[in-house]
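Since we're looking at a predicted model, the values are computed, not measured.
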Amino acid sequence: QAPTIDRHAVLAVRGDELWLVYENAEVQRYKIGATNTRRLVVCKVDGDRLLALPAYRESPIWTRGEAPAIAFDTAGRLHLCYLRPRARLGWEACLTCYDGNRWERPTAIFADKGLDRKPGLVVAGSQAIIAVQADDMAGGFKVAEKAAPANKSNVLLGSVALGDASQAAALR
């Protein structure tokens with residue numbers, strides 16, 4: 001009966017803090033896997049409470065995002081890799097960052113599209129390292145035979161320079 005469901009929870013630590021990111025999906029009627037809207041919520045676990053980031057409904061991850069991966073850099077900034085749909089043509093992996101004051105505009109990591117499969121993300125020094133599934137299957141086909149010409153499915157591995165940053169503002 002709920003208008004939305006929360007799912008696909010992912011945990012991360014920042015020092016002695018526990019962080020949670022999950023997908024909030026809106027459904028109009030019950031149908032396995034079918035949703036109208038998928039967006040992400042990031043919060044800090046504080047005892048038995050969840051503390052959402054300020055103005056999260058205005059963040060780029062609230063408009064359309066799914067399958068999150070989260071990591072923190074040594075400056076304390078929160079990095080989030082997630083999938084964004086390409087109008088019936090698969091999903092693209094995007095990376096954004098929250099520094100305690102604002103969200104960066106999301107950047108698509110690869111030109112290739114993939115299936116709805118969660119990306120991998122780690123931060124190593126000044127690099128975000130990202131792994132995603134990518135393929136050449138046609139998008140939006142209605143019969144399985146149209147998928148037959150597809151002949152590649154790979155795991156892509158890439159890195160993004162995070163740049164110099166002063167210590168992040170308090171994330172609360």
Exam field: side chain Asn154 to backbone Leu156, donor-acceptor pair closer than 3.5 Å: no
How long is the straight-line distance from CZ of Arg39 back to CD of Glu66, given to the nearest 0.5 Å? 12.5 Å
Do Ser153 and Gln133 have side chains that get closer than 4.5 Å, going by heavy atoms? yes
Check: Glu26/Thr4 side-chain N/O donor and acceptor closer than 3.5 Å: no
Is it true that Val41 and Leu11 fall in one hydrophobic cluster, defined by side-chain heavy atoms closer than 4.5 Å? yes
Any side-chain donor-acceptor pair under 3.5 Å between Trp103 and Glu58? no
Report yes or no: do Ile129 and Val10 belong to one cluster of Ile/Leu/Val/Met/Phe/Trp/Tyr joined by side chain heavy-atom distances under 4.5 Å? no
Reported CH2-to-CD1 distance for the pair Trp19 and Ile70, which is rounded to 0.5 angstrom: 7.5 Å
Got a second to check how far His8's NE2 is from Leu40's CG, nearest 0.5 Å? 10.5 Å
Testing the basics here: between Ala108 and Glu92, what is the closest heavy-atom pair and its distance to 0.1 Å? CB-OE1, 3.7 Å
Atom CG of Leu95 and atom CG of Leu162: how far apart are they, to the nearest 0.5 Å? 7.0 Å
Applying a strict under-4.5 Å side-chain criterion to I, L, V, M, F, W and Y, I'd like to know whether Phe72 and Val42 cluster together. yes
Among the clusters formed by ILVMFWY side chains lying less than 4.5 Å apart, do Leu20 and Trp62 turn up in the same one? yes
Is the shortest heavy-atom distance from the side chain of Val21 to the side chain of Leu80 under 4.5 Å? yes
Can you measure from CG (Leu53) to CG (Leu78) and round to the nearest 0.5 angstrom? 6.5 Å
How far apart are the closest heavy atoms of Pro119 and Ala69, and which atoms are they? O-CB, 3.5 Å
What distance separates Ser59 OG from Arg102 CZ, expressed to the nearest 0.5 Å? 13.0 Å
Output yes when a side-chain donor or acceptor of Asp73 lies under 3.5 Å from a complementary backbone atom of Arg77, and no otherwise. yes
Give me the atom names and distance for the closest heavy-atom approach of Phe110 to Leu157. CZ-C, 4.0 Å
Minimum heavy-atom separation for Tyr82 to Gly65, with atom names? CD1-CA, 3.7 Å
Between Arg84 (side chain only) and Arg64 (backbone N and O only), is there a donor and an acceptor less than 3.5 Å apart? no
Within the distance-only criterion (no hydrogens, no angle test), does the side chain of Ser159 pair as donor or acceptor with the backbone N or O of Gln127 below 3.5 angstrom? no
Cluster check Val155, Val132: I/L/V/M/F/W/Y, side chain < 4.5 angstrom: no
Return the minimal non-hydrogen interatomic distance between Pro68 and Lys118, and the atom names on each side. O-CE, 2.9 Å
Side chain to side chain contact (heavy atoms under 4.5 Å, CB included) evaluation trace for Ile61 with Thr96: CA-CA 9 Å; Ile61 62 172; Thr96 187; 4.1 Å; yes
State, to 0.1 Å, how close Leu121 and His79 come at their nearest heavy-atom pair, and which atoms those are. CD2-O, 3.6 Å
Does any non-hydrogen side-chain atom of Cys81 lie less than 4.5 Å from one of Ile130? yes
